[in-house]
Amino acid sequence: WVQEEAPDVLCLQETKCAVSAVPAEVRALPGLPHQFWSSAKDRPGYSGVGLLAKTEPLNVTYGIGDPEHDVDGRVVTAEFPSLYVVCAYVPNAGRGLARLEPRLRFDAAFLAFLRRLDAQKPLLLCGDLNVAHAEIDLCHPRANRASPGFTPQEREGFSRLLDAGFVDSFRHLYPEARGAFTFWTYLGGARARNVGWRLDYAVLSRRLLGALCDCKIRSAVPGSDHCPITALLAV
(Lines give C-alpha, C1' and ligand atoms only; values in the text may rest on other atoms or scores of the structure.)
Protein backbone atom coordinates (compact mmCIF):
# COMPACT_ATOMS: atom_id res chain seq x y z
CA TRP A 1 0.00 0.00 0.00
CA VAL A 2 2.80 2.44 0.85
CA GLN A 3 4.43 1.82 -2.53
CA GLU A 4 1.14 2.43 -4.32
CA GLU A 5 0.47 5.61 -2.34
CA ALA A 6 4.07 6.78 -2.88
CA PRO A 7 4.03 9.49 -0.19
CA ASP A 8 6.67 12.18 0.06
CA VAL A 9 6.47 11.79 3.84
CA LEU A 10 5.06 8.82 5.75
CA CYS A 11 4.13 9.31 9.41
CA LEU A 12 3.58 6.27 11.65
CA GLN A 13 2.18 6.25 15.18
CA GLU A 14 2.04 3.74 18.03
CA THR A 15 4.86 1.78 16.46
CA LYS A 16 5.64 0.05 19.80
CA CYS A 17 9.08 -0.59 18.38
CA ALA A 18 12.58 0.32 19.50
CA VAL A 19 14.74 1.98 16.87
CA SER A 20 16.96 -1.09 16.72
CA ALA A 21 13.97 -3.36 16.08
CA VAL A 22 12.43 -1.60 13.06
CA PRO A 23 11.71 -4.44 10.59
CA ALA A 24 14.03 -4.80 7.61
CA GLU A 25 11.15 -4.52 5.13
CA VAL A 26 10.30 -1.10 6.58
CA ARG A 27 13.91 0.03 6.49
CA ALA A 28 14.02 -1.00 2.82
CA LEU A 29 10.81 0.73 1.70
CA PRO A 30 11.50 2.10 -1.79
CA GLY A 31 11.47 5.87 -2.07
CA LEU A 32 11.66 6.54 1.69
CA PRO A 33 15.36 6.34 2.53
CA HIS A 34 15.38 9.04 5.22
CA GLN A 35 13.89 7.49 8.36
CA PHE A 36 13.59 8.90 11.85
CA TRP A 37 12.29 6.85 14.75
CA SER A 38 11.47 7.60 18.37
CA SER A 39 10.49 5.06 21.01
CA ALA A 40 9.59 5.11 24.68
CA LYS A 41 12.56 5.05 27.02
CA ASP A 42 12.77 1.82 29.02
CA ARG A 43 9.22 0.81 28.00
CA PRO A 44 9.39 -1.79 25.23
CA GLY A 45 6.16 -2.18 23.28
CA TYR A 46 4.78 1.24 24.31
CA SER A 47 4.02 4.31 22.20
CA GLY A 48 6.58 5.27 19.54
CA VAL A 49 6.49 7.15 16.22
CA GLY A 50 8.33 7.14 12.92
CA LEU A 51 8.74 9.68 10.12
CA LEU A 52 9.98 8.49 6.73
CA ALA A 53 10.80 10.89 3.92
CA LYS A 54 11.61 10.82 0.21
CA THR A 55 13.97 13.80 0.48
CA GLU A 56 16.27 14.56 3.37
CA PRO A 57 14.84 17.12 5.81
CA LEU A 58 16.78 20.24 6.68
CA ASN A 59 16.54 19.31 10.33
CA VAL A 60 14.84 16.74 12.58
CA THR A 61 13.93 17.07 16.24
CA TYR A 62 12.48 14.64 18.78
CA GLY A 63 9.91 15.47 21.44
CA ILE A 64 8.32 18.78 22.40
CA GLY A 65 10.76 19.99 25.03
CA ASP A 66 8.72 18.60 27.92
CA PRO A 67 10.50 15.97 30.06
CA GLU A 68 7.23 14.49 31.37
CA HIS A 69 6.20 13.40 27.89
CA ASP A 70 9.34 13.23 25.79
CA VAL A 71 10.41 9.95 27.40
CA ASP A 72 7.42 8.29 25.71
CA GLY A 73 8.65 8.89 22.15
CA ARG A 74 5.51 10.63 20.91
CA VAL A 75 6.68 13.33 18.50
CA VAL A 76 9.13 13.62 15.61
CA THR A 77 9.37 16.88 13.65
CA ALA A 78 11.04 17.26 10.25
CA GLU A 79 11.82 20.66 8.78
CA PHE A 80 11.55 21.05 5.01
CA PRO A 81 12.11 24.23 2.96
CA SER A 82 8.45 25.31 2.93
CA LEU A 83 7.03 23.72 6.10
CA TYR A 84 7.49 21.58 9.17
CA VAL A 85 5.94 18.10 9.25
CA VAL A 86 5.07 16.97 12.78
CA CYS A 87 4.34 13.29 13.42
CA ALA A 88 2.54 12.82 16.74
CA TYR A 89 0.92 10.14 18.86
CA VAL A 90 -1.08 11.92 21.56
CA PRO A 91 -1.57 10.10 24.89
CA ASN A 92 -4.79 8.22 25.55
CA ALA A 93 -6.72 9.33 28.64
CA GLY A 94 -6.89 5.68 29.68
CA ARG A 95 -9.48 3.32 31.04
CA GLY A 96 -11.67 5.13 33.54
CA LEU A 97 -9.93 8.37 32.52
CA ALA A 98 -7.08 7.41 34.84
CA ARG A 99 -4.61 9.38 32.69
CA LEU A 100 -6.81 12.33 31.77
CA GLU A 101 -4.76 14.87 33.73
CA PRO A 102 -1.42 13.89 32.13
CA ARG A 103 -3.18 13.92 28.77
CA LEU A 104 -4.39 17.48 29.36
CA ARG A 105 -0.88 18.55 30.40
CA PHE A 106 0.41 17.07 27.14
CA ASP A 107 -2.21 18.99 25.16
CA ALA A 108 -1.12 22.29 26.69
CA ALA A 109 2.60 21.63 26.20
CA PHE A 110 2.05 20.35 22.66
CA LEU A 111 0.06 23.41 21.65
CA ALA A 112 2.82 25.67 22.97
CA PHE A 113 5.34 23.64 20.95
CA LEU A 114 3.26 23.93 17.77
CA ARG A 115 2.87 27.67 18.22
CA ARG A 116 6.63 28.05 18.53
CA LEU A 117 7.12 26.16 15.29
CA ASP A 118 4.36 28.06 13.51
CA ALA A 119 6.03 31.35 14.40
CA GLN A 120 9.00 30.23 12.26
CA LYS A 121 7.26 28.60 9.29
CA PRO A 122 3.92 26.85 8.63
CA LEU A 123 3.41 23.25 9.69
CA LEU A 124 1.48 20.10 8.89
CA LEU A 125 0.63 17.97 11.93
CA CYS A 126 -0.10 14.33 11.08
CA GLY A 127 -1.07 11.85 13.72
CA ASP A 128 -3.27 9.90 16.03
CA LEU A 129 -4.51 12.76 18.19
CA ASN A 130 -6.74 10.48 20.30
CA VAL A 131 -9.76 12.78 20.22
CA ALA A 132 -13.01 12.90 18.29
CA HIS A 133 -13.56 16.63 18.12
CA ALA A 134 -17.28 16.85 17.40
CA GLU A 135 -20.31 14.58 17.59
CA ILE A 136 -20.05 13.99 13.85
CA ASP A 137 -16.62 12.43 14.45
CA LEU A 138 -17.82 9.26 16.15
CA CYS A 139 -20.67 6.84 15.68
CA HIS A 140 -22.25 6.99 19.14
CA PRO A 141 -21.55 10.39 20.73
CA ARG A 142 -24.29 10.23 23.36
CA ALA A 143 -22.99 6.95 24.80
CA ASN A 144 -19.37 8.13 24.89
CA ARG A 145 -19.47 11.51 26.61
CA ALA A 146 -17.31 10.20 29.46
CA SER A 147 -15.13 7.96 27.28
CA PRO A 148 -11.42 8.57 26.61
CA GLY A 149 -11.13 10.65 23.49
CA PHE A 150 -14.52 12.34 23.79
CA THR A 151 -14.47 14.07 27.16
CA PRO A 152 -15.30 17.79 27.17
CA GLN A 153 -11.75 18.56 28.29
CA GLU A 154 -10.12 16.70 25.39
CA ARG A 155 -12.50 18.20 22.85
CA GLU A 156 -11.84 21.67 24.25
CA GLY A 157 -8.12 21.00 23.86
CA PHE A 158 -8.64 20.37 20.14
CA SER A 159 -10.78 23.52 19.89
CA ARG A 160 -7.91 25.51 21.42
CA LEU A 161 -5.62 24.10 18.73
CA LEU A 162 -7.97 25.35 16.02
CA ASP A 163 -8.40 28.71 17.75
CA ALA A 164 -4.60 29.12 17.72
CA GLY A 165 -4.58 29.33 13.93
CA PHE A 166 -4.63 25.70 12.83
CA VAL A 167 -7.11 23.90 10.58
CA ASP A 168 -8.52 20.35 10.60
CA SER A 169 -7.98 19.75 6.88
CA PHE A 170 -10.53 16.94 6.42
CA ARG A 171 -13.33 18.77 8.21
CA HIS A 172 -12.45 22.01 6.41
CA LEU A 173 -12.96 20.26 3.07
CA TYR A 174 -15.84 17.99 4.10
CA PRO A 175 -17.75 19.79 6.86
CA GLU A 176 -20.86 17.60 6.61
CA ALA A 177 -19.26 14.20 5.91
CA ARG A 178 -20.69 11.54 8.22
CA GLY A 179 -19.37 8.06 8.86
CA ALA A 180 -15.85 9.33 8.14
CA PHE A 181 -13.92 7.36 10.74
CA THR A 182 -10.29 6.29 11.10
CA PHE A 183 -10.48 3.91 14.10
CA TRP A 184 -12.67 0.91 14.88
CA THR A 185 -12.33 -1.40 17.87
CA TYR A 186 -11.52 -5.00 17.02
CA LEU A 187 -14.56 -6.07 19.06
CA GLY A 188 -18.01 -6.85 17.71
CA GLY A 189 -17.29 -6.44 14.03
CA ALA A 190 -17.15 -2.68 14.49
CA ARG A 191 -15.22 -1.99 11.32
CA ALA A 192 -17.55 -3.98 9.10
CA ARG A 193 -20.46 -2.02 10.59
CA ASN A 194 -18.50 1.26 10.50
CA VAL A 195 -18.99 1.85 14.22
CA GLY A 196 -15.94 4.04 14.55
CA TRP A 197 -14.21 7.23 15.58
CA ARG A 198 -12.20 9.85 13.69
CA LEU A 199 -9.04 10.06 15.78
CA ASP A 200 -6.42 10.63 13.07
CA TYR A 201 -5.88 14.06 11.58
CA ALA A 202 -3.91 16.20 9.18
CA VAL A 203 -3.91 19.62 10.83
CA LEU A 204 -2.21 22.53 9.11
CA SER A 205 -1.31 26.15 9.69
CA ARG A 206 -4.10 28.35 8.38
CA ARG A 207 -1.77 30.07 5.95
CA LEU A 208 -1.22 26.72 4.21
CA LEU A 209 -4.88 26.45 3.22
CA GLY A 210 -4.10 27.74 -0.26
CA ALA A 211 -1.80 24.74 -0.74
CA LEU A 212 -4.32 22.17 0.50
CA CYS A 213 -5.55 19.97 -2.36
CA ASP A 214 -7.31 17.19 -0.44
CA CYS A 215 -7.40 15.05 2.67
CA LYS A 216 -8.48 11.46 2.18
CA ILE A 217 -9.44 8.78 4.69
CA ARG A 218 -8.18 5.46 3.31
CA SER A 219 -10.80 3.35 5.10
CA ALA A 220 -10.40 0.34 2.80
CA VAL A 221 -6.77 -0.19 3.83
CA PRO A 222 -6.55 -3.09 6.34
CA GLY A 223 -3.81 -4.06 8.76
CA SER A 224 -4.66 -2.12 11.91
CA ASP A 225 -7.54 -0.92 14.06
CA HIS A 226 -6.77 2.48 12.49
CA CYS A 227 -6.70 3.25 8.77
CA PRO A 228 -4.28 5.62 7.04
CA ILE A 229 -5.17 9.15 6.01
CA THR A 230 -3.50 11.08 3.21
CA ALA A 231 -2.98 14.84 3.05
CA LEU A 232 -2.28 16.28 -0.39
CA LEU A 233 -0.55 19.68 -0.46
CA ALA A 234 0.97 21.63 -3.34
CA VAL A 235 4.10 23.06 -1.70
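Along the sequence shown, residues carry numbers from 1.
- Listed by chain and residue number, nothing satisfies the salt bridge (charged side-chain N to carboxylate O under 4.0 Å, His left out) test with E101 (two or more places apart in sequence, or in another chain).
- Taking every heavy atom of both residues into account, S39 and V19 meet most closely at OG-N, 4.0 Å.
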List the atom pairs, donor and acceptor, that lie under 3.5 Å between side-chain atoms in residues 51-67 and the rest of the protein, sequence neighbours left out.
unit_1, atom_1, unit_2, atom_2, d
D66, OD1, E68, N, 3.0

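- The distance from the CG atom of L232 to the CG atom of L212 is 8.5 Å, given to the nearest 0.5 Å.
- Sorted by first then second residue, the side-chain hydrogen bond (donor to acceptor under 3.5 Å, both in side chains) pairs that include residues 12-30, not counting sequence neighbours, are E14-Y89.
- Taking every heavy atom of both residues into account, A177 and I136 meet most closely at O-CD1, 3.4 Å.
- Atoms CD1 and SG, on I229 and C215 in that order, are 4.5 Å from each other to the nearest 0.5 Å.
- Residues passing the ring pair (Phe, Tyr, Trp, His ring centres under 6.0 Å) test with Y46: none are found, sequence neighbours excluded.
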Which is it for T151 and E154 under the side chain to side chain donor-acceptor pair (under 3.5 Å) test, yes or no, and what are the steps along the way?
CA-CA 5 Å; T151 63; E154 292 165 296; 2.6 Å; yes
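- Here D200 pairs with nothing under the salt bridge (charged side-chain N to carboxylate O under 4.0 Å, His left out) rule; sequence neighbours left out.
- Side-chain contact between L114 and L125: present, with at least one pair of heavy atoms (C-beta onward) separated by less than 4.5 Å.
- When the side chain to side chain contact (heavy atoms under 4.5 Å, CB included) test is applied to D168, the partners found at least two apart in sequence or on another chain are F158, L162, F170, R171, R198, Y201.
- We find that E135 and R142 are not joined by a salt bridge, their nearest charged nitrogen and carboxylate oxygen being 4.0 Å or further apart.
- Every residue was checked against the salt bridge (charged side-chain N to carboxylate O under 4.0 Å, His left out) condition with R160, not counting sequence neighbours, and none meets it.
- Residue A211 comes nearest to V235 through the heavy atom pair CB-CG1, 3.8 Å, listed as atom of the first residue, atom of the second, then distance.
- The salt bridge (charged side-chain N to carboxylate O under 4.0 Å, His left out) test applied to D225 returns no partner, not counting sequence neighbours.
- No side-chain donor from either of R74 and S38 sits under 3.5 Å from a side-chain acceptor of the other.
- Put simply, the side chain of N92 never gets that close to the backbone of N130: no donor and acceptor are under 3.5 Å apart.
- Within the 3.5 Å criterion, the main-chain N or O of A134 finds a donor-acceptor partner in the side chain of D137.
- Checking side-chain atoms of S47 against main-chain N and O of A40 turns up no donor-acceptor pair under 3.5 Å.
- Interatomic distance, L123 CG to L208 CG, rounded to the nearest 0.5 Å: 7.5 Å.
- With sequence neighbours excluded, the residues forming a side chain to side chain contact (heavy atoms under 4.5 Å, CB included) with A164 are L111, R115, F166, listed by chain and number.
- Once rounded to the nearest 0.5 Å, the distance linking CH2 of W184 with NE2 of H226 reads 9.5 Å.
- Remark: R178 CZ to C139 SG distance equals 11.0 Å, nearest 0.5 Å.
- Figure legend: R145 and F150 shown without cation-pi pairing, the cationic atom not lying both under 6.0 angstrom from the six-membered ring centre and within 45 degrees of its axis.
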Exercise answer: donor-acceptor pairs, residues 75-88 side-chain atoms, under 3.5 Å, sequence neighbours excluded:
unit_1, atom_1, unit_2, atom_2, d
E79, OE2, K121, NZ, 3.0
Y84, OH, Q120, OE1, 2.9

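- A search for side chain to side chain contact (heavy atoms under 4.5 Å, CB included) contacts involving R207 returns D118, P122, S205, not counting sequence neighbours.
- You'll find the side chain of F36 reaches within 4.5 Å of the side chain of H34, heavy atoms only.
- Proximity of P148 to R95: side-chain heavy atoms (C-beta onward) are nowhere separated by under 4.5 Å.
- Between R191 and V221 the shortest heavy-atom distance is NH2-O, 2.8 Å.
- Under the 4.5 Å side-chain criterion, counting only non-hydrogen atoms from C-beta, C227 is not in contact with F181.
- Taken to the nearest 0.5 Å, the CG atom of L129 stands 7.5 Å off from the CG atom of L161.
- Enclosure of atom CZ in R155 by more than 12 non-hydrogen atoms of other residues, nucleotides or ligands within 6.0 angstrom is indicated.
- Shown here for L204 and L209, the closest heavy-atom pair between the two residues is CD1-N, 4.0 Å.
- Applying the ring pair (Phe, Tyr, Trp, His ring centres under 6.0 Å) criterion to F110, with sequence neighbours excluded, gives F106.
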